[in-house]
Each structure stands twice: as structure tokens, then as C-alpha cells.
Amino acid sequence: MDHSKTVIAYRSREIQGVKVAYREAGNPENPAIVLLHGFPTSSHMYRKVLAALSDEYYLIAPDYPGFGESDFPSPDTFEYTFDHLASIIDDFLESMSINRYALMIQDYGAPIGFRIATAHPERVTAIINQNGNAYEEGLGEAWKDVKALWKDKNTANENAMLGAFSLEGLKWQYTHGTRNPDHVNPDTWNLDFLRLSRPGAHRANLDLFYDYQNNLKLYPQWQKYLRDHQPPLLIVWGKNDAFFPESGAAAFKKDVRKIDYNLYDTGHFALEEDGGDIIRKIRTFMHRIKG
């Protein structure tokens, strides 16, 4: 595809009193793919997918409240939980009249996407999973400090997490486990650092770190959804991810009978280093489920 002809629109709409920004590409008459981003990024992480697949698919990539170009309401007045974010993104899709779609999930996109999928299993045509976890065995060593926060939410344990918001900490999340860190665009972590430097941003994200423990309580429900509905599943997983290692990808084999299973010798943001191959896999996978 000639990417120079790709038009990506940068729009927003008000949902539950909050401006939700989103990137939109492709013809709405084509099959829809909803792209749900992770921490600490935004819809920006899907820029390659939007540019490459808009010839055949209708692509929607929203920014959660507090992320990207969406509103950043104060954590004093806005509840930063995964239930709340999922409710807003679900209402966002309703407002767009998008009621049949594949979900692409990564990191935070998994708990948000699986909440939506379990609420509307009839709407989900497929799941494209790039390091989106749904199993306790998929939580890697990098969760050590977060688990300490879950056990005791005190100032010391919160302060131990602040390195994740530093420029070096953010760079590490993008480059750890990659074959060649020089091939990862530094705009990624610099953009995230800018947003995480806003007043209240640390508080909002610490609230989400703490709330992540509630996702684990829903894992059995999400796994039952996978067993009962057997959604077509494409795994495109960076196996060197310190947060969600290869064991997280393999765990899906317990519940989904047929998986297009692909591991990459890279880290948490596999699209950065292996975007070209992953995009080709997505196109082939989507052709197959359509046919």
C-alpha cells in the first residue's frame, strides 16, 4: 500500500463529560478494528497500523482519559480505575455506532478490551493480541514493585514506583528486550514523558497501578469468555517483555483452541521493532476470518 495516500483523522467527542480523542482511518463501510493502547502511551503507538491497514479496514484508536490527546481530568474528581476507563470506551464505541469489530489489545488495552468483550461478546469478531495479559502466570518480574503497592498502599511504596514516570524509566519500557534499541523512535518516550509531567499525572497513574489488582480478579471471567466464545485469536507477542513475558502468550492456549501464534524477539512494544511483520500477520489473519 502507498502510505502517502493514507488519511488519518484526529477527532474527539464528549463521552460522560470527558473529551475522548481518537485517530480514525479507512472507510467506515469496511470491517472495523478497534485499537486499544497500553501504558504509558496512547493511540500514537498504533500509527504504523493506521497507516498500513486503512486500505481494507476501518480503524479506530481512542485515547483513554488521562492519556494522549483526551481530557486529563483531575484524579481528585475523576476515578482512575479500569472499570471507569472501560465504561467510557464502551460508551465511546456506542456513540460511534460501532457494533461489530475486532479488538487489538496491548497492555492496558487488555483489561479494557476484555471488559468490553465480556459485556458484548456478539460484537467482537476477533482479538489481535500484542502483549495483552489475561492470566496470572503472564505477570513478569517487572510487577514486583506494583505487587508491593497492592499489599500496602503507603508513601514509600508509591515513591518506589516514580521511576516508571522518569525519562529513563520510560525509555527503558520501550527499549528493554529489543534487538536494537537504536531502531526505536525516541519520540515515543519523550511524548509520554511530556504527558506524565503534567500536574496530577503521577497520582492518576499510581491510582491505575493500584487498581490493576482488580483485573486479576476478573481473569477467570475473561478466560471463561475465551472458552465459551472461542474468538479468532492472533497472538503477536514480544517475548522479552519484562511485564508480560512469553508465559502470558502461552497461557491463552489453555482456553482458545485455535490460535495464530507468533512470538517476536523484542520487548513490550513489539510494533516498534517488528511492526512490518506484525501488520502483515494482521492482514493475513483478518482475510482468513473474513473468508
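Numbering starts at 1 and runs along the sequence shown. For clarity, every value in this text was computed on a predicted model and none was experimentally measured.
No donor-acceptor pair under 3.5 Å is formed between the side chain of E141 and the backbone N or O of A242. Of the possible donor and acceptor atoms, one in the side chain of W237 sits under 3.5 Å from a partner among the backbone N and O of P245. Under a 3.5 Å cut-off, the side chain of W189 and the backbone N or O of T175 do not form any donor-acceptor pair. Remark: the backbone N or O of R257 is paired with a side-chain donor or acceptor of Q230 at under 3.5 angstrom. Between the side chain of R179 and the main chain of D265, a donor-acceptor pair closer than 3.5 Å is present. Judged by distance alone, the side chain of Q173 and the main-chain N or O of E168 form no donor-acceptor pair under 3.5 Å. Looking only at distances, a side-chain donor or acceptor of N129 sits under 3.5 Å from a matching main-chain atom of G132. One N or O on the side chain of N262 and one on the backbone of I235 form a donor-acceptor pair closer than 3.5 Å. At distances below 3.5 Å, not a single donor-acceptor pair connects side-chain atoms of S70 with backbone N or O atoms of G66. Using a distance-only test at 3.5 Å, with no hydrogens or angles considered, no donor-acceptor pair links the side chain of R115 to the main chain of I112.
Taking the six-membered ring where the residue is Trp, the centroids of H37 and Y46 are separated by 6.0 Å or more. Between Y108 and F82, the distance from one ring center to the other falls under 6.0 angstrom. A centroid separation of less than 6.0 Å is found between the aromatic rings of F92 and Y22. Aromatic ring centres of F114 and Y219: separated by at least 6.0 Å.
Between R283 and D55, at least one side-chain N (NZ, or NE/NH1/NH2) sits under 4.0 Å from a carboxylate O, which counts as a salt bridge.
In this structure, K171 places its NZ atom where only 12 or fewer heavy-atom neighbours from other residues, nucleotides or ligands lie under 6.0 Å away. Applying the 6.0 Å contact sphere to NZ of K254 captures more than 12 heavy atoms from other residues, nucleotides or ligands.
Using modelled atom types, one finds no donor on one side chain facing an acceptor on the other under 3.5 Å when comparing H120 with N99. There is a side-chain donor-acceptor pair under 3.5 Å between H287 and E56. For the residue pair S87 / Q16, a side-chain donor-acceptor distance below 3.5 Å is found, with atom types taken as modelled. Between the side chains of N214 and D211, at least one donor N or O sits under 3.5 Å from an acceptor N or O.
L234 is connected to I279 through a chain of hydrophobic side-chain contacts under 4.5 Å among Ile, Leu, Val, Met, Phe, Trp and Tyr, so both are in one cluster. Hydrophobic clustering of Ile, Leu, Val, Met, Phe, Trp and Tyr side chains at less than 4.5 Å, counting indirect connections, keeps L191 apart from F193.
Summarising the geometry of P73 relative to P65, their closest heavy-atom pair is CD-CB, 4.4 Å, with the distance given to 0.1 Å. Of all heavy-atom pairs between F285 and A126, the closest is CE2-CB, 3.8 Å. For the pair A32 and I98, the tightest heavy-atom approach, listed with the atom from each and the gap, is CB-CG2, 4.3 Å. Annotation for P62 and L36: closest pair CG-CD2, 4.0 Å, computed over non-hydrogen atoms. Taking both residues in full, the closest heavy atoms of Y225 and P121 are given as CE1-CB, 3.8 Å, listed atom of the first, atom of the second, then distance. Nearest approach of A61 to S43, heavy atoms of both residues: O-CB, 3.3 Å.
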When the side chains of residues 144-153 are checked against the rest of the protein, which donor-acceptor pairs come out under 3.5 Å, sequence neighbours left out?
from	atom 1	to	atom 2	distance (Å)
W150	NE1	F209	O	2.9
D152	OD1	N154	ND2	3.4
D152	OD2	N154	ND2	2.9

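Relative to the ring axis of Y261, K253 places its NZ or CZ within 45° and under 6.0 Å from the centre.
Residue pairs meeting the salt bridge (Lys or Arg N to Asp or Glu O under 4.0 Å) criterion with at least one member in residues 59-71, sequence neighbours excluded: E69-R195.
Ring orientation note: the planes of F165 and F39 are nearly perpendicular, at an angle over 60° on the 30°/60° scale.
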